[in-house]
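Working notes for the structure below.
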Amino acid sequence: MTAPDSVAPALVAELQETLGDWFERTARPLPWRSPDRTPWGVLVSEVMSQQTPVARVAPVWLEWMERWPTPAAFAAASTADVLRAWGRLGYPRRALRLQECARAVVERHDGEVPEDEALLLALPGVGAYTAAAVMAFAFGRRSVVVDTNVRRVLARTLGGDALPMPALTAAESARAARVAPVSDDDAALWAASSMELGAVVCTARTPSCDSCPVSHLCAWRAAGYPPDEHAGRRRTQAWKGTDRQARGTVMGALRAAHGPVARAVLDDLWPDAAQLGRCLASLVEDGLVEQCDADLSGGPDGRAPRRDAGAAQVYRLPA
DNA sequence: AAATCGTGGCA
DNA sequence: TTGCCAAGATT
């Protein structure tokens, strides 16, 4: 158990006030920040933004909320429609979980997003970050929001480090909890403003320290911008030839097809047949893909579609 | 608890 | 050009 770092309360208070003022002056007009936002809209925006840049999320979110304004409306959508609307946001399992989440909200909470962090956490696809974010941004309630932006801002301003560790540590969580304001309003504003700073100014690659409202308070700057201590320990995401790329290729083809796609077509898109087969199986297992029979009618007598070894394998987005 | 899961923009 | 990284969750 490591000793908690000591940060002067006056410094923290000045950080909070300066960033809060800065946020209220300069916050980006993201659509889910509009005054007529709903808790469900906020939740949707948070799930879409998990590991996806908000600039890419915004247009999808607008179309999404117009089409499915409430949990009940979204709960009734077909999986294929959901996955096509999700488009190229990435990690399509999030779209599936979001629909499970909507159905859980309908069943457990009468169609209303609960104003309770533990109940939010219990929803599919909602983890510690998203539950805290919904509490703060949808309800204006106190929570400890720790995303990649907040982690970086705290690591620099308070820790004097270039970047946080690859994975969230207990010490970081403790620090974040310690600096979160007590009142609902102040905590919600702190969450929004510390995230915004990390997203817009205190960025990972080339931070804009010249235009940073709290550069005069920043420990990393005061220390002369020491380089990342654990540089090189960050594993780079492999991509080419991976299952992820194969799965993405399949999903892209099925989204574009608006109908069943034969295995032979997919074989043309991916050179390794064995890998493709494994990925198709995993996609079916995940509920992202459905295997159907080449003869969609199932025959004039309504008999069950055949799926014997010799039949052509055909895939589509789940109905 | 380390691995897995998409996609695209940018330096 | 290519590695880095983006409002994480799940198992």
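Values below: every heavy atom of this structure, side chains too, minus hydrogens, waters and symmetry copies. The sequence lines fix the lettering, A, B, ..., with proteins before strands; numbering per chain opens at 1.
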Across the strands shown, which category fits [X] at heavy-atom distances under 4.0 angstrom: base, sugar-phosphate, nothing?
X: A/Arg28; result: base
X: A/Leu30; result: base
X: A/Gly127; result: sugar-phosphate
X: A/Ala128; result: sugar-phosphate
X: A/Thr148; result: sugar-phosphate
X: A/Val126; result: sugar-phosphate
X: A/Thr130; result: sugar-phosphate
X: A/Arg152; result: sugar-phosphate
X: A/Ala133; result: nothing
X: A/Trp86; result: nothing

Self-check item: Separation between OG of A/Ser45 and CZ of A/Phe137, rounded to the nearest 0.5 Å
Solution: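 Rounded to the nearest 0.5 Å, the OG-CZ separation comes to 9.0 Å.
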Quiz item: Nearest 0.5 Å, what's the CG-CD distance between A/Leu280 and A/Glu285?
Solution: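 Spacing of CG (A/Leu280) from CD (A/Glu285) equals 13.0 Å.
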Look for any protein N or O under 3.5 Å of an N or O in nucleotides 9-11 of chain B and output each such pair with its distance, or none.
unit_1 : atom_1 : unit_2   : atom_2 : d
B/dG9  : N2     : A/Arg205 : NH2    : 3.4

[N] OP1/OP2 closer than 4.0 Å to side-chain N/O of [X]:
X: A/Arg151; N: C/dC5; answer: no
X: A/Gln50; N: C/dG8; answer: no
X: A/Arg247; N: B/dG6; answer: yes

Self-check item: Charged N-O contact under 4.0 Å between A/Asp267 and A/Arg263
Solution: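 Salt bridge present between A/Asp267 and A/Arg263.
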Quiz item: From the list B/dC5, C/dA6, C/dA7, which nucleotide is the closest neighbour of the side chain of A/Tyr91?
Solution: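 For A/Tyr91, the side-chain atoms sit closest to B/dC5.
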Quiz item: Any side-chain heavy-atom pair from A/Glu172 and A/Leu154 closer than 4.5 angstrom?
Solution: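 Result no, sub-4.5 Å side-chain heavy-atom pair not found.
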Quiz item: When you look at A/Asp81 and A/Arg67, which way does the salt bridge (charged side-chain N to carboxylate O under 4.0 Å, His left out) test go after all the steps?
Solution: CA-CA 11 Å; A/Asp81 285 348; A/Arg67 186 172 184 181; 3.6 Å; yes
Practice problem: Using the P atom on both, measure B/dA3 against C/dA7 and round to a whole Å. | Solution: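 One P to the other, the span is 24 Å.
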Quiz item: Does one side chain, of A/Thr130 or A/Gln50, offer a donor that lies under 3.5 Å from an acceptor on the other?
Solution: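 Yes, a side-chain donor-acceptor pair sits under 3.5 Å.
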Exercise. Could you verify whether a donor N or O on one side chain and an acceptor N or O on the other, from A/Gln16 and A/Asp186, lie under 3.5 Å apart?
Key: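 Not at all, the side chains of A/Gln16 and A/Asp186 share no donor-acceptor pair under 3.5 Å.
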Quiz item: Separation of A/Lys240 atom NZ from C/dT1 atom P, in whole Å?
Solution: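 Checked: the NZ to P distance equals 14 Å.
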